[in-house]
2 protein chains.
Amino acid sequence: MALTIGELGKATGTKVETIRYYERIGLLPNPPRTGGNYRAYGEPELGRLSFIRRARDLGFPLDQVRALLSLSDDRGRDCATVDALARDHLTEVERKITDLTALRQELSALITSCKGGTVADCRIIETLAPAPHPHG
Amino acid sequence: MALTIGELGKATGTKVETIRYYERIGLLPNPPRTGGNYRAYGEPELGRLSFIRRARDLGFPLDQVRALLSLSDDRGRDCATVDALARDHLTEVERKITDLTALRQELSALITSCKGGTVADCRIIETLAPAPHPHG
DNA sequence: CTTGACCCTATAGTTGCTACAGGGTGCATA
DNA sequence: TATGCACCCTGTAGCAACTATAGGGTCAAG
């Protein structure tokens, strides 16, 4: 059961270039090669790449994925580290949601304030432009 | 009233490197220089950079900021284009919020499922790892 | 006349890919 | 056997939007 890079990509929903990129940054091992210098993947690489994909789909950045991978190899270890990593990531996601929600609020207020007309009267532009401050 | 790049940065809350970057990509004009080849800014650049900052703070990407800037110069134009631009951006922000909210849901379910123990029993790792599929 | 804060240019690094350019391989088909 | 096509290879550059570094120059104060 040897997979080409394209087959591995199809099996995991990953682009070929991305797989080679993961290899380059050491997230995937250098696989054995065929006579024609094609990468030949097996079950373990398929598993590893699936793991990576799932973690990425959950939004974990690559360095955290790397950490998760190495933690997952250490079966006897306390999983508190894994838990902490996931919690950190969740916190980060929540922070982004908070920021974006505030942004949405501001943006929709801005848009609502625009009642048409020319750019000269536009509330959006007016909000962005600096107040023409009086000077002596 | 001539400002150095550092003063302009302080006045607008922008790092010096960022100002130079904006100049390089044509978002800010090449300012006049002093005898010692220092950039010398005036009121118009201060206004323009403030505009850029506010738009960036509202999350507009640089190409949209560029568009907003050029629209704002065209005072007689219908502001519908500005409005559409802002609405597009709002839609984008809402899409991100939706995505992140789904992610938060998945992540917190994952974290809740982890009841401690070793990595071997860890539900987080288990979720990420591929199901050991039976083969004939 | 030296110290220190500031300025200059040019270039490389960040994250996570994606997209070439310019070639080689492998299989089917005429 | 030749040819076409899909796929593979390496290496490098590009994307957003900065940030940081190296290696220098300028200017005001003491």
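Naming convention: chains lettered A, B, ... in sequence-line order (proteins, then strands); numbering from 1 in each chain.
- Note on A:T18: every side-chain N or O is 4.0 Å or more away from OP1 and OP2 of C:dC17.
- Rounded to 10 degrees, the angle separating the terminal axes of the helix from C:dC1-D:dG30 to C:dA30-D:dT1 is 30°, with each axis obtained from five end pairs.
- Annotation: ring pair (Phe, Tyr, Trp, His ring centres under 6.0 Å) contacts of B:F60 (sequence neighbours excluded): B:H89.
- Using a 3.5 Å distance cut-off with no hydrogens or angles, the side chains of B:T91 and B:D88 do not pair a donor with an acceptor.
- Pairs engaging residues 13-35 of chain A under the ring-ring contact (aromatic ring centres under 6.0 Å, His included) rule: none recorded [sequence neighbours left out].
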(message) Please evaluate residues A:E126 and A:R123 with respect to the criterion salt bridge (charged side-chain N to carboxylate O under 4.0 Å, His left out), reporting the C-alpha separation (whole Å), side-chain torsions for both, the decisive distance (0.1 Å), and the verdict.
(response) CA-CA 5 Å; A:E126 205 169 294; A:R123 307 287 303 166; 3.1 Å; yes
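- Between B:E45 and B:R39 no salt bridge is recorded (no basic side-chain N to carboxylate O distance below 4.0 Å).
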Side-chain donor-acceptor distances from residues 99-106 of chain A under 3.5 Å, at least two apart:
from, atom 1, to, atom 2, distance (Å)
A:D99, OD2, A:R95, NH1, 2.9
A:T101, OG1, A:I97, O, 2.6

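- Look at CD1 on B:I5: it is 11 Å from C1' on C:dC6, rounded to the nearest Å.
- Residues forming a side-chain hydrogen bond (donor to acceptor under 3.5 Å, both in side chains) with B:T12 (at least two apart in sequence, or on another chain): B:T14.
- Every residue was checked against the side-chain hydrogen bond (donor to acceptor under 3.5 Å, both in side chains) condition with A:E17, not counting sequence neighbours, and none meets it.
- With hydrogens and angles ignored, the 3.5 Å screen pairs a side-chain donor or acceptor of B:R48 with a backbone N or O of B:L27.
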Extract all donor-acceptor atom pairs below 3.5 Å that involve side chains of residues 73-82 of chain B and protein atoms in other chains or at least two apart in sequence.
from, atom 1, to, atom 2, distance (Å)
B:D74, OD2, B:R77, NH1, 3.3
B:D78, OD1, B:A80, N, 2.7

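- Salt bridge absent: B:E7 and B:K10 never bring a charged side-chain N and a carboxylate O closer than 4.0 Å.
- For DNA chain D, the contact window with chain B, defined by any atom under 4.0 Å from a protein heavy atom, covers D:dA17 to D:dC27 in 5' to 3' order.
- For residues 53-62 of chain A, every residue pair satisfying the salt bridge (charged side-chain N to carboxylate O under 4.0 Å, His left out) rule, not counting sequence neighbours, is listed here: A:R53-A:D57.
- Sequence order on DNA chain C of the closest nucleotides to B:K10 and A:E17 puts B:K10 first from the 5' end.
- Annotation: proximity of residues 19-41 of chain B to DNA chain C (heavy atom, distance under 4.0 Å) is found for B:R20, B:R33, B:N37, B:Y38, B:R39, numbered in ascending order.
- Within residues 50-62 of chain B, the residues approached by DNA chain D to less than 4.0 Å at the level of any non-hydrogen atom are B:R56, B:P61, B:L62, in residue-number order.
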Only distances under 3.5 Å count here; give the side-chain donor-acceptor pairs of residues 61-69 of chain A to other protein atoms, sequence neighbours excluded, each with its distance to 0.1 Å.
from, atom 1, to, atom 2, distance (Å)
A:R66, NH1, A:I25, O, 3.0
A:R66, NH2, A:I25, O, 3.1

